[in-house]
Amino acid sequence: MTAEHVILARRVRLRGAVQGVGFRPYVYQQAVKFGISGWVENTTQGVSLQAQGAAEAVDQFLVALRAAPAPAQIAEMLVEETEPSGAVGFVIRASAEEGARLAQILPDLALCEDCLRELFDPADRRYLYPFINCTRCGPRYSIVEDVPYDRARTSMRHFPMCEACRAEYENPFDRRFHAEPNACPKCGPSVALWDGQGALLSRRHEAILGAAEAIRAGKIVAVKGIGGFHLVADARNAEAVALLRARKRRPEKPFAVMFPSFAQLERACVVDETERALLESPARPIVLVRRKSSEIAANVAPGNPWLGAFLPYAPLHHLLLHELDFPVVATSGNLSDEPIVIDETEALTRLAPIADLFLVHDRPIVRPLDDSVMRVAAGRELMLRRARGFAPEPIAIANIPPAILALGGHMKTTVALTLDGAVLQSQHIGDMETVEARAAHERAVADLTGLRATAPRLVAHDLHPDYATTRLAARTGLPSFAVQHHVAHIAAAMAENAVAPPLLGVAWDGTGYGLDGTIWGGEFLRLGAHGAERVAHLRTFRLPGGEAAAREPRRSALALLYEAFGKTDDAWLYFTEPERVTIAHMLRNNINAPETSSMGRLFDGFAALCGLRQVASYEGQAAAEFEWAADGFEARAAYEFPLRDGVLDWQPALEALLEDRRRGAAAGEISAAFHAGLAKAIAAVAREIGEKRVVLTGGCFQNKRLLESAIAELRLAGHEAIWHRRAPPNDGAIALGQAVWAGWHAGDEPCA
Ligand code: ZN
Ligand code: ZN
Ligand code: FE
């Protein structure tokens with residue numbers, strides 16, 4: 001063998017997003033291009049391959065691998081020398097047996113650029129076809145019925161491929177090689193337009209044109225998308241939006257708006273580079289961006305300086321929005337806070353009171369996936385609702401034992417399952433208040449355990465004895481492990497940031513069952529190697545009416561005044577006389593007035609005392625409005641929150657608020673001083689406790705101003721701030737936290 005014909009062989013192991021994204025065909029094409037022989041296969045870890053050929057060719061091949069096009073993403077590439085074999089040619093091997101059930105199931109991906117071009121190319125055989133996709137885009141998790149991921153185990157099994165589609169599917173040089181949802185107008189799903197009773201009005205492109213015409217005329221159309229139905233209305237038409245609000249029984253909670261293009265989105269909102277990257281990412285989440293004055297109707301997001309904006313992701317959205325050429329409200333197809341509707345028969349009953357028309361299709365949606373919601377805070381992404389485009393991506397966690405099932409909390413529920421060295425989280429399910437939500441929760445559990453063929457050996461759940469999820473844990477008959485709510489919040493943030501104890505966890509939210517049986521929510525917990533210890537908390541007060549207080553910020557306000565001064569009356573608050581008498585009675589006699597250290601309720605109380613909100617129409621409204629009020633206000637002062645014997649006292653801040661109100665200060669000025677004071681208080685507690693690392697978590701840290709000022713104060717004082725990114729700070733991450741905390745500590749004590 002002469003020098004120029006030295007044959008090298010290399011074994012390569014790749015990790016990252018390398019499965020279900022057309023990576024193996026890409027490897028195959030590059031191997032053919034450079035004359036490489038060997039094989040490639042999916043493994044439990046990612047992709048493994050062997051490449052042999054002339055030295056220079058192998059080098060070029062490896063360079064090409066690193067440059068694999070999106071959505072493939074190489075996180076790690078290990079190259080080892082190995083012995084050349086006699087193999088000729090290059091083959092894509094069937095997935096390794098034991099790997100089949102462990103291989104990562106991908107989230108749904110937005111339509112790619114190539115498919116978008118074909119969609120609007122009159123010469124293409126998929127011109128205007130709403131189910132066009134390829135290996136780089138299209139539905140994934142929303143159509144998977146079982147694993148391994150191939151067409152026969154997706155809801156595309158109802159559509160046998162035509163000859164042309166099959167030829168693409170079987171050709172390793174084609175963009176649609178093993179694109180499992182591959183389809184065309186001849187063989188694939190199709191759309192139809194129904195009236196409110198389900199009678200067929202039109203089919204195919206006519207149906208899309210008909211839906212567009214109705215939306216233009218101010219009607220509400222239920223549109224079946226990727227993870228469920230949207231309710232769609234003209235976002236410029238205040239009357240149409242008001243009609244949608246009335247029918248959906250959602251008086252004020254902001255609606256998300258889908259824009260036909262980024263250019264149109266940018267005309268209505270201020271968008272920075274990070275926000276743009278999120279908006280255009282394959283996950284296509286709703287991103288909260290700053291509103292400008294625009295044609296968007298004010299009642300889309302009343303009084304809100306932010307707008308939940310997003311871009312079309314399904315080809316059907318592209319076709320509809322292209323036809324309309326104006327932004328539309330696209331909100332989850334449900335009534336109030338029920339889970340999203342995914343099935344057209346179900347839509348006809350549950351959405352009939354809301355929608356005038358139904359734009360449906362015959363590709364079944366296997367599981368509901370709401371749109372994910374994110375914002376940019378402290379210069380990076382922050383998840384607020386994790387569903388389509390992200391579920392069921394696992395989070396890698398070193399040394400986590402497998403087969404722990406976590407059932408989540410009560411609000412914004414998700415479920416989670418540990419694997420060997422990772423945690424799998426379900427999509428957002430919703431509040432466990434309705435029969436529909438509890439059924440969706442049950443299906444999510446079956447999904448996670450079924451798709452991974454994992455029989456749970458331990459169930460993690462909340463400490464609250466009355467949560468539906470806690471009772472469900474008992475019914476499984478498995479050993480169970482209760483995780484305190486705020487410990488779960490902190491554990492979730494630790495897990496996704498890969499940090500270990502010791503650290504100080506700041507967990508601030510509306511409500512969570514405490515270790516002492518009271519309602520916690522303004523917590524400072526020190527986490528050490530052996531567990532969690534409550535080192536400080538917000539001064540407690542009594543909430544007249546318990547949970548009812550969350551819907552009536554004025555009750556929290558009165559509770560603060562009563563606790564501080566024994567007052568049961570205040571000129572700033574609005575109560576009818578009978579209401580005031582009842583609530584005063586509850587406070588004085590301690591009837592149905594549970595004690596709480598809730599930071600969420602403190603925000604509510606301050607918002608009410610500023611005259612911003614007496615009664616809320618959706619969760620977190622008063623706190624959000626209090627945050628928005630501070631827009632444009634520099635914090636000239638910071639309210640004092642002194643720490644005494646582990647109790648963070650709000651009374652000096654309350655007195656300052658009342659004084660500021662008396663001298664006629666704006667709500668925004670008060671809010672700015674309140675936020676600044678809390679941020680300083682966090683740094684002061686961190687100094688007192690003496691932990692370098694501080695985790696910021698809980699629903700209160702969805703508040704951009706609070707999060708950013710707390711990070712700044714902590715850094716100023718030499719602390720390291722740790723906060724969320726891909727797992728929400730709110731209760732959407734409780735299941736994740738329960739799973740990892742149980743994984744770390746279930747062995748510490750006998751299971752309950
Ligand atoms: Zn594509
Ligand atoms: Zn076809
Ligand atoms: Fe919480």
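Everything numeric here is computed off the predicted structure, so don't read it as measured data. Computed over heavy atoms, backbone and side chain alike; hydrogens, waters and symmetry mates excluded. Order of listing sets the numbers, starting from 1, for every ligand and every atom in it.
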Worksheet item: How wide is the angle at the Zn ion (ligand 2) between SG in C165 and SG in C184, to the nearest 10°?
Response: 110°

Worksheet item: With the Zn ion (ligand 2) at the apex, how many degrees lie between SG of C187 and SG of C162, rounded to 10 degrees?
Response: 120°

Discussion item. Show, in sequence, the C-alpha distance, side-chain angles and deciding distance for V445 and L407, and conclude whether the side chain to side chain contact (heavy atoms under 4.5 Å, CB included) test is met.
Written reply: CA-CA 8 Å; V445 168; L407 296 177; 3.9 Å; yes

Worksheet item: Does the ring centre of F481 sit less than 6.0 Å away from the ring centre of H745?
Response: no

Discussion item. For F701 together with H724, are the ring centres under 6.0 Å from each other?
Written reply: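 Not close enough - the centres of the two rings lie 6.0 Å or further apart.
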
Parallel, tilted or perpendicular: ring planes of [X] versus [Y], cut at 30 and 60 degrees:
X    : Y    : result
F674 : F603 : perpendicular
H485 : H489 : perpendicular
Y513 : H464 : tilted

Practice prompt. State the CZ-CG distance between R175 and D114, to the nearest 0.5 angstrom.
Written response: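 With rounding to 0.5 Å, CZ (R175) is 4.5 Å from CG (D114).
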
Item to complete: Could you tally the protein N/O/S atoms lying less than 2.8 Å away from the Fe ion (ligand 3)?
Response: 4

Worksheet item: To the nearest 10 degrees, how large is the angle at the Zn ion (ligand 1) between C137 SG and C134 SG?
Response: 120°

